[in-house]
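Just the heavy atoms: all of them, side chains too, but no hydrogens, waters or symmetry mates, feed the values below.
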Amino acid sequence: QVQLVESGGGLVQPGGSLRLSCAASGRIFSINAMGWYRQAPGKERELVAVITSGGSTNYADSVKGRFAITRDNAENTVYLQMNSLKPEDTAVYSCYAASVKSTRYTNGKDYWGKGTLVTVSS
């Protein structure tokens, strides 16, 4: 079984910064893509950023130029650096790991973290 544990959420003032971390643990041979989703109260979950094992990234238009996703493949950890935060960034941010393989020959499975709350408010 694989677990994803997020950390780094909290309360920050508009214009401030936060760095989220997500560590995957368990029997892991490889992870394809890792990413972050968020869900604000009363809204649907949306993709924030994703990074492949090769380092290719993709961002939601609403966070381009403000957020940066990075990854440590050796530690199976993904980070989200969030700068110039706005009140509309307030949401529960959840980590996602796609096609996690426990061995070279097993099929990949997707996993989700439980989420961490980010609140942007003065």
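Residue Phe67 is not grouped with residue Tyr79 when hydrophobic side chains (ILVMFWY) are merged at heavy-atom distances under 4.5 angstrom, including chains of intermediate members. In the hydrophobic cluster analysis, where Ile, Leu, Val, Met, Phe, Trp and Tyr join through side-chain heavy atoms closer than 4.5 angstrom, Trp112 is grouped together with Leu47. Linking Ile, Leu, Val, Met, Phe, Trp and Tyr whenever their side-chain heavy atoms come within less than 4.5 Å leaves Val118 and Val50 in two separate clusters.
No donor-acceptor pair closer than 3.5 Å links the side chain of Ser56 to the backbone N or O of Thr52.
Note that CG of Asn32 and CE of Met34 are 11.0 Å apart. Values are rounded to the nearest 0.5 Å. Interatomic distance, Lys101 NZ to Phe29 CZ, rounded to the nearest 0.5 Å: 7.5 Å. Rounded to the nearest 0.5 angstrom, Tyr93 OH and Thr116 OG1 are separated by 10.5 Å. Thr70 OG1 to Gln81 CD: the interatomic distance, rounded to the nearest 0.5 Å, is 8.5 Å. Rounding to the nearest 0.5 Å places CZ of Arg66 at 9.5 Å from CE of Met82. How far CG of Leu18 is from CG of Leu80: 9.5 Å, rounded to the nearest 0.5 Å.
Of all heavy-atom pairs between Leu4 and Ala24, the closest is CD2-CB, 3.3 Å. Nearest heavy atom pair, residue Ser21 against residue Trp36, reads O-CH2, 3.5 Å. The minimum heavy-atom distance between Tyr111 and Gln1, with the atom names listed, is CE2-NE2, 3.9 Å. Closest approach of Pro14 and Ser122 over heavy atoms only: CD-N, 3.7 Å. The minimum heavy-atom distance linking Ser94 with Gly115 is given by the pair OG-CA, 3.7 Å.
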Practice problem: Check step by step if side chain to side chain contact (heavy atoms under 4.5 Å, CB included) holds for Val78 and Cys95. | Solution: CA-CA 8 Å; Val78 64; Cys95 176; 3.8 Å; yes

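Between Tyr37 and Tyr96, the ring planes are perpendicular. Angles over 60° get that label, and only those under 30° would be called parallel.
Residues Ser25 and Val5 fail the side-chain proximity criterion, which asks for heavy atoms closer than 4.5 Å. Side-chain contact between Val12 and Ser17 is absent, with no heavy atoms from C-beta onward closer than 4.5 Å. Side-chain contact check for Arg38 versus Val63: some heavy-atom pair is nearer than 4.5 Å.
The side chain to side chain contact (heavy atoms under 4.5 Å, CB included) test with Arg71 is passed by exactly one of Asn76, Ile31, Thr77: Ile31.
Annotation for Gln3: atom CD does not count as buried by contact number, only 12 or fewer foreign heavy atoms lying within 6.0 Å.
Using a cutoff of 4.0 Å between basic side-chain nitrogens and carboxylate oxygens, Lys114 and Glu6 are not scored as salt-bridged. Salt-bridge annotation for Asp89 and Lys86: absent, with no side-chain N of the basic residue lying under 4.0 Å from a carboxylate O of the acidic one.
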